[in-house]
Number of protein chains: 2
Amino acid sequence: MAGTMQLTNVLKTLADPTRRAVFERILQEGEVAATGLVRGSKVSQPAVSQHLRALRDAGLVAERREGRHIHYRVAPKGLSPLIDWLGHYQTFWQERFENLERLLKESE
Amino acid sequence: MAGTMQLTNVLKTLADPTRRAVFERILQEGEVAATGLVRGSKVSQPAVSQHLRALRDAGLVAERREGRHIHYRVAPKGLSPLIDWLGHYQTFWQERFENLERLLKESE
DNA sequence: AAAACGTATAAGTAATTGCTTATATATTGT
DNA sequence: ACAATATATAAGCAATTACTTATACGTTTT
């Protein structure tokens with residue numbers, strides 16, 4: 001019952017495709033400055049900045065300042081609420097859905 | 001790249017706490033009629049009905065009509081987009097986050 | 001100190017969302 | 001046929017959201 005608000009926040013934050021794309025790009029690049037994210041983005045710099053704020057507030061990314069750049073990286077623990085939630089019902093998924101572990105392995 | 005829309009839909013659908021609570025109650029009860037879900041819910045019958053529609057559209061629940069009741073049950077495959085997405089980056093989670101499988105096992 | 005660069009915030013706006021009350025559509029029982 | 005039950009849809013509304021342009025803030029370079 002605890003952490004239901006954090007889970008809500010993580011889900012809401014990842015639910016927006018533009019913001020999720022930002023998250024995935026940070027994930028792929030490892031560490032990237034906001035400018036790098038704005039380039040090749042469909043939306044404006046402020047929009048990216050707002051998405052970064054949302055991702056940070058949800059605990060999904062962390063930042064590191066270096067000069068006038070701010071480098072963002074994924075904070076894997078931010079996904080805990082989501083993974084815990086799935087894990088909480090794993091028995092159910094397992095019973096009806098085969099083995100969740102195998103599924104996780106097979107994809108990709 | 002494929003199924004990004006389905007993932008968005010699943011995330012959006014689960015992001016609302018009221019709707020997620022409906023989903024979890026269906027999950028716990030196994031199979032339950034809409035009336036059963038309305039009782040003990042904070043929101044009105046139409047609100048529940050709208051949430052059920054959203055859950056069905058996202059592929060997260062299935063229904064079975066029996067007389068004037070409609071029984072809802074969870075459709076575990078509806079979570080595929082979410083699980084696949086997590087699985088797609090599993091290498092990353094694993095590296096930085098320990099073992100996702102173990103996490104899934106350990107939580108409850 | 002001034003200009004340039006990287007990022008964040010402010011203010012405004014159209015679109016979406018989650019609810020409500022009222023009403024419609026099934027299905028069953030009398 | 002009629003009333004009762006179970007569910008869905010319609011219409012309207014306040015709150016939220018994701019964007020935009022304009023501006024402020026912080027850091028570096030000259």
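Residue numbers start from 1 in every chain, and the chains themselves are labelled A, B, ... in the order their sequence lines are given, proteins ahead of strands.
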Taking side chain to side chain donor-acceptor pair (under 3.5 Å) as the criterion, tell me which of Arg68(B), His69(B), Arg64(B) meets it with Glu66(B). Arg64(B)
Could you grab the distance from atom CG of Asp57(A) to atom CG of Leu52(A), nearest 0.5 Å is fine? 11.0 Å
What do the steps show when you test Arg19(B) against Leu14(B) for side-chain contact (heavy atoms from CB on, under 4.5 Å), and what is the final call? CA-CA 7 Å; Arg19(B) 186 162 47 232; Leu14(B) 293 174; over 6 Å; no
Looking only at side-chain N and O atoms, does Tyr72(B) come under 4.0 Å of OP1 or OP2 in dA8(D)? yes
Gln6(B) side, atom CD; Ser80(B) side, atom OG - distance, nearest 0.5 Å: 9.0 Å
Report the distance from atom CD1 of Ile70(A) to atom P of dC25(D), rounded to the nearest whole Å. 16 Å
How many whole angstroms separate atom CG of Asp57(B) from atom P of dA8(D)? 11 Å
Would you mind classifying the nucleic acid contact of Ala34(A) as base, sugar-phosphate or nothing, using non-hydrogen atoms under 4.0 angstrom? sugar-phosphate
For Arg53(B) and dA8(D), is the shortest distance between a side-chain N/O and OP1 or OP2 below 4.0 Å? no
Restricting both atoms to N or O, compile the protein contacts to nucleotides 27-30 of chain C shorter than 3.5 Å, with distance only.
none

Leu82(B) and Leu79(B): CA distance, side-chain angles, deciding distance, side-chain contact (heavy atoms from CB on, under 4.5 Å) verdict: CA-CA 5 Å; Leu82(B) 180 52; Leu79(B) 284 169; 4.2 Å; yes
Round to the nearest Å and state the distance from Arg19(A) atom CZ to dT16(D) atom C1'. 12 Å
Between the CG atom in Asp16(A) and the CG atom in Leu11(B), the distance rounded to the nearest 0.5 Å is 10.5 Å
Using whole Å, what does the distance between atom C1' of nucleotide dA18(D) and atom CG of Leu52(A) come to? 14 Å
Taking the nucleotide of DNA chain D with the closest heavy atom to each, which residue, Ser44(A) or His69(B), is nearer the 5' end? His69(B)
For the pair made of CG in Asn9(B) and P in dT16(C), what is the distance, rounded to whole Å? 14 Å
Could you verify whether a donor N or O on one side chain and an acceptor N or O on the other, from Ser41(B) and Arg25(B), lie under 3.5 Å apart? no
Per Ser49(A) side chain, nearest of listed nucleotides dC19(C), dA8(C), dA18(D): dA8(C)
Give the rounded distance in Å between these two atoms: CG of Leu55(B) and P of dA8(D). 12 Å
When rounded to whole Å, the NZ to P distance for the pair Lys12(A) and dA15(D) reads 15 Å
Looking at dA8(D), does its base get a donor-acceptor pair with the side chain of Gln45(B) below 3.5 Å? yes
Nucleotide dT17(D), atom P - distance to CD of Gln50(A) in whole Å: 12 Å
